[in-house]
Amino acid sequence: MSEKRASSIKVASFNINGIKARLPRLIEWLEETQPDIACLQEIKTQDEGFPAADFAAIGYEAIWHGQKGFNGVAILARGERPVEVQRGLAGEPEDEHSRYLEADVMGLRVVCIYLPNGNPQPGPKFDYKLRWMERLKTRMAQIAAEEVPALVIGDYNVIPRDNDIWSTRAMADDALMQPESRAAYRRLLHAGWTDALGLLNPRGGVYTFWDYQAGAWQRDHGFRIDHALLSPELADRLVAAGVDKTYRGREKASDHAPVWVSIAEHA
DNA sequence: ATGTCAACACTTTGTTGA
């Protein structure tokens with residue numbers, strides 16, 4: 001039987017908040033939603049602990065960039081192994097956080113990011129977040145110059161607009177919605193990238209994160225911080241985008257829900 | 001003020017990071 005994909009490619013992103021604690025949930029989600037490409041953040045494991053065999057058993061090959069205790073990103077693809085292009089961002093050699101992984105897969109340049117949270121602000125963590133965003137912008141400009149069909153997907157830890165959160169007042173002092181964070185995010189878009197979920201949901205109210213505390217999920221006290229930014233060519237090929245919201249309500253859930261985009265396959 | 005969760009360590013309870 002010849003390998004033939006559907007007429008579109010589904011690329012998903014899931015901040016799983018610990019790949020060891022969440023592996024059954026993750027396998028379940030992959031099998032039920034069948035993304036062609038899946039980008040993971042906060043795997044919270046060293047490279048040696050990455051459960052590649054569990055993914056291979058259900059048809060996914062992977063590359064990963066782990067770290068002890070926190071952070072960590074991975075790119076999975078169904079039936080083929082992503083070809084790594086770069087891990088980590090240039091510009092700050094002393095930065096050892098595992099937050100950036102870039103690969104070529106299924107004809108796309110796929111960048112998986114876990115952008116720094118930045119709390120508390122002001123402070124060194126917030127400064128690191130803003131510097132990281134500048135470094136990301138620099139890399140995204142290089143990718144754009146290559147004119148490859150590309151997307152940068154993952155946990156941006158930025159709430160872009162007031163209608164992307166249940167209450168602006170509740171988070172007014174948080175690093176995720178400071179004017180500087182939003183301005184840095186807009187600078188990414190101004191360089192020609194399209195926020196797929198934001199574009200398709202101009203009225204807002206579509207969330208990707210609900211805190212574990214204070215009954216945030218039950219009250220729908222969420223916000224949108226997981227984003228897929230598409231290069232101009234991919235923006236033209238955008239078919240659909242969404243959030244797998246129900247997975248936030250399952251047992252032992254991550255505090256994030258998966259997001260996905262569907263891209264028309266090239267003729 | 002903070003109602004949660006995961007990983008780690010001088011580990012069974014406190015610290016860090018979210």
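Owing to the predicted nature of the structure, the values given are computational and were not obtained by experimental measurement. The chains referred to below are lettered A, B, ... by the order of the sequence lines, with proteins before strands, and numbering in each begins at 1. Heavy-atom basis, side chains included; hydrogens, waters and symmetry copies ignored.
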Expressed in whole Å, how much space separates the [atom1] atoms belonging to [N] and [M]?
{"N": "B:dA1", "M": "B:dT13", "atom1": "C1'", "value": "23 Å"}
{"N": "B:dA7", "M": "B:dT2", "atom1": "C1'", "value": "22 Å"}
{"N": "B:dC10", "M": "B:dT15", "atom1": "P", "value": "14 Å"}
{"N": "B:dG3", "M": "B:dC8", "atom1": "C1'", "value": "24 Å"}

Pairing donors with acceptors under 3.5 angstrom, does anything connect the side chains of [X] and [Y]?
{"X": "A:Asp195", "Y": "A:Tyr156", "value": "no"}
{"X": "A:Arg99", "Y": "A:His97", "value": "yes"}
{"X": "A:Trp166", "Y": "A:Asp220", "value": "no"}

Problem set entry | Under 4.5 Å side-chain linkage, directly or through intermediates, the cluster mates of A:Phe70 |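 Members other than A:Phe70 - counting any ILVMFWY side chain reachable under 4.5 Å - there are none.
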Seminar exercise, completed: Besides A:Leu130, the hydrophobic cluster formed by Ile, Leu, Val, Met, Phe, Trp and Tyr side chains linked at under 4.5 Å, directly or via other members, contains A:Phe126
Exercise. Start at the 5' end of DNA chain B and walk down; is the nucleotide closest to A:Arg219 or to A:Lys252 reached first?
Worked result: A:Arg219
Exercise. Do side-chain atoms of A:Asp47 reach the backbone of A:Gly66 as a donor and acceptor pair under 3.5 angstrom?
Worked result: yes
Exercise. What does nucleotides 7-18 of chain B look like as a protein-contact string, B for base, S for sugar-phosphate only, - for none, at under 4.0 angstrom between heavy atoms?
Worked result: SSS-------SS
For this session: Calculate the interatomic distance between A:Gln41 atom CD and B:dA6 atom C1'; express it in whole Å.
Result: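 Nearest whole value for this atom pair: 16 Å.
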